[in-house]
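Proteins get letters first, then strands, A, B, ... in listed order; numbering begins at 1 in each.
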Number of protein chains: 2
Amino acid sequence: MAASTGRQTAMPTSEHGTCLAMSDILSRIGDKWSVMIVAQLGQGTMRFSELRRQTDGISQRMLTLTLRNLERDGLVTRTVYPEVPPRVEYALTPLGKTLLGPIYALWDWVSEHQDDIAEARMAYDAGQQEEAPPRKIA
Amino acid sequence: MAASTGRQTAMPTSEHGTCLAMSDILSRIGDKWSVMIVAQLGQGTMRFSELRRQTDGISQRMLTLTLRNLERDGLVTRTVYPEVPPRVEYALTPLGKTLLGPIYALWDWVSEHQDDIAEARMAYDAGQQEEAPPRKIA
DNA sequence: CTGTATCCTGTGAGATACTG
DNA sequence: CAGTATCTCACAGGATACAG
């Protein structure tokens with residue numbers, strides 16, 4: 001299990017393999033929907049349409065693709081019930097559940113600092129306007 | 001601050017604002033280079049070319065854009081020394097440093113589970129080959 | 001209900017060349 | 001050295017229609 005409770009364990013920037021894996025994993029969990037889906041499934045097993053409804057703005061196609069990728073990475077299981085109106089349930093694997101920790105950490109960070117970021121952006125954009133405008137402002 | 005396997009602080013999926021902010025922030029830190037740059041700067045102030053050298057594979061353009069975005073979000077500072085051969089130094093802001101925690105959490109997770117994922121992928125791909133090939137295999 | 005197949009667009013990002 | 005400006009291409013991802 002992870003060394004976890006406390007401060008950051010790793011970050012030996014030397015680890016080149018991990019570095020490559022990082023950008024790989026990050027482009028997966030960093031895509032538009034993966035984190036949201038994992039977070040949803042963190043609350044329990046759900047079926048396709050349920051996920052679709054709860055995940056605002058996702059297209060059928062993207063939900064399918066996202067779930068397939070997560071399944072391929074061993075983060076979620078896909079269970080098909082061969083019934084007449086097909087039913088498919090998705091759930092986190094044990095591995096998938098271990099991802100919830102880091103995701104929540106990120107989530108907490110965002111909810112804690114989103115205001116700072118919004119503020120920083122406004123300040124930055126305002127500053128840019130002063131130096132930028134060879135173009136008439138008003 | 002959160003840390004490990006156990007229950008976490010947040011995740012009231014209801015928080016819609018945070019949810020939107022999530023996908024926003026995620027698409028920033030989830031892009032190909034931001035996390036890597038922040039991690040680099042976690043080790044201290046660096047200048048442009050230094051970052052360029054240490055960040056394998058990044059193009060000049062992408063480094064510039066990434067840094068600009070991070071600056072705009074208030075995560076890094078950009079200090080220009082008006083010398084003859086220009087020198088520009090980048091460093092994490094206090095806000096930027098708070099991001100190191102979650103990033104390290106993710107980093108740890110990756111270094112800990114990259115093998116599981118690689119394995120899961122191979123297993124999945126192998127399974128697909130069996131059911132897939134209306135196409136002759138051998 | 002749970003997908004797959006197609007089409008189409010925006011944009012992320014590399015390569016290259018030029019400037020202060 | 002540190003950047004900006006273009007060009008280009010690949011691909012993520014939305015909309016829509018069809019299928020088991």
Side-chain angles (χ1 to χ4, degrees), chain A residues 20 23-37 40-41 45-73 76-91 124 128 131-135, chain B residues 20 23-37 40-41 45-73 76-91 124 128 131-135:
Chain A
L20 292 178
S23 51
D24 184 49
I25 309 294
L26 232 74
S27 57
R28 169 107 313 121
I29 74 110
D31 72 17
K32 203 174 178 184
W33 302 108
S34 293
V35 166
M36 240 171 296
I37 298 300
Q40 298 282 356
L41 291 177
T45 298
M46 296 179 81
R47 33 193 307 188
F48 189 86
S49 47
E50 218 172 338
L51 279 169
R52 187 150 149 61
R53 248 175 293 112
Q54 297 220 18
T55 311
D56 197 62
I58 196 172
S59 65
Q60 212 167 26
R61 182 180 122 91
M62 276 304 109
L63 181 52
T64 303
L65 287 179
T66 302
L67 286 169
R68 283 294 185 287
N69 282 327
L70 292 174
E71 190 194 357
R72 186 171 106 99
D73 286 357
V76 314
T77 57
R78 177 172 179 269
T79 314
V80 183
Y81 297 85
E83 305 170 354
V84 167
R87 182 162 56 102
V88 182
E89 290 193 338
Y90 294 91
Y124 183 90
Q128 293 305 295
E131 338 177 345
R135 221 133 178 73
Chain B
L20 293 177
S23 52
D24 184 49
I25 309 292
L26 232 74
S27 57
R28 169 108 313 120
I29 75 109
D31 72 15
K32 203 175 178 183
W33 302 108
S34 292
V35 165
M36 240 172 295
I37 297 300
Q40 298 282 355
L41 291 178
T45 298
M46 296 179 83
R47 28 194 311 190
F48 189 85
S49 47
E50 217 173 339
L51 280 169
R52 187 151 149 62
R53 248 175 291 112
Q54 296 220 19
T55 311
D56 198 61
I58 197 173
S59 65
Q60 212 168 26
R61 185 181 121 91
M62 276 305 107
L63 181 53
T64 302
L65 288 179
T66 302
L67 286 168
R68 283 294 185 288
N69 281 328
L70 292 174
E71 189 194 358
R72 188 172 106 97
D73 286 357
V76 314
T77 58
R78 176 171 177 272
T79 314
V80 184
Y81 296 86
E83 305 170 354
V84 168
R87 182 162 57 103
V88 181
E89 290 192 339
Y90 293 91
Y124 183 89
Q128 292 305 295
E131 337 176 346
R135 221 131 177 73

With a 3.5 Å distance limit and no angle check, can you tell me whether [X] reaches the backbone of [Y] through a side-chain donor-acceptor pair?
X       : Y       : result
A/Gln40 : A/Gln54 : yes
B/Ser27 : B/Asp24 : yes
A/Ser23 : A/Leu20 : yes

Taking [atom1] from [X] and [atom2] from [N], how many angstroms apart are they, rounded to a whole number?
X       : N      : atom1 : atom2 : value
B/Arg78 : D/dA2  : CZ    : C1'   : 8 Å
B/Leu26 : D/dA12 : CG    : P     : 17 Å
A/Leu65 : D/dC11 : CG    : C1'   : 12 Å
A/Arg28 : D/dC11 : CZ    : C1'   : 13 Å
B/Leu63 : D/dG3  : CG    : P     : 8 Å
B/Leu67 : D/dC1  : CG    : P     : 16 Å

Report yes if some heavy atom in the side chain of [X] is under 4.5 Å from a heavy atom in the side chain of [Y]; otherwise report no.
X       : Y        : answer
B/Val80 : B/Pro86  : no
A/Glu89 : A/Glu50  : no
B/Arg28 : B/Asn69  : yes
A/Leu65 : A/Trp33  : no
A/Asp73 : B/Tyr124 : no
B/Ile37 : B/Leu63  : yes
A/Leu41 : A/Leu70  : no

Query raised in the report: From the 5' end of DNA chain C to its 3' end, which nucleotides mark the outer limits of contact with chain A, defined by a 4.0 Å heavy-atom distance cut-off (strictly under)?
Result: C/dC1 to C/dT6
Query raised in the report: Is A/Tyr81 touching bases, backbone alone, or none of the nucleic acid, heavy atoms closer than 4.0 Å?
Result: nothing
Query raised in the report: Contact class for B/Arg68 vs. all strands (heavy atom < 4.0 Å): base, sugar-phosphate, or nothing?
Result: sugar-phosphate
Which atom pairs link the protein and nucleotides 14-20 of chain D when you take only N or O atoms and keep those under 3.5 Å?
from   : atom 1 : to      : atom 2 : distance (Å)
D/dG14 : OP1    : A/Lys32 : NZ     : 3.1
D/dG14 : OP2    : A/Ser59 : OG     : 3.4
D/dG14 : O6     : A/Arg61 : NE     : 3.2

Report summary line: Rounded to 10°, the angle between the first-five-pair and last-five-pair axes of the helix from C/dC1-D/dG20 to C/dG20-D/dC1 is 40°
Report summary line: Rounded to the nearest 0.5 angstrom, the OG1-CZ distance for B/Thr66 and B/Arg61 is 9.5 Å
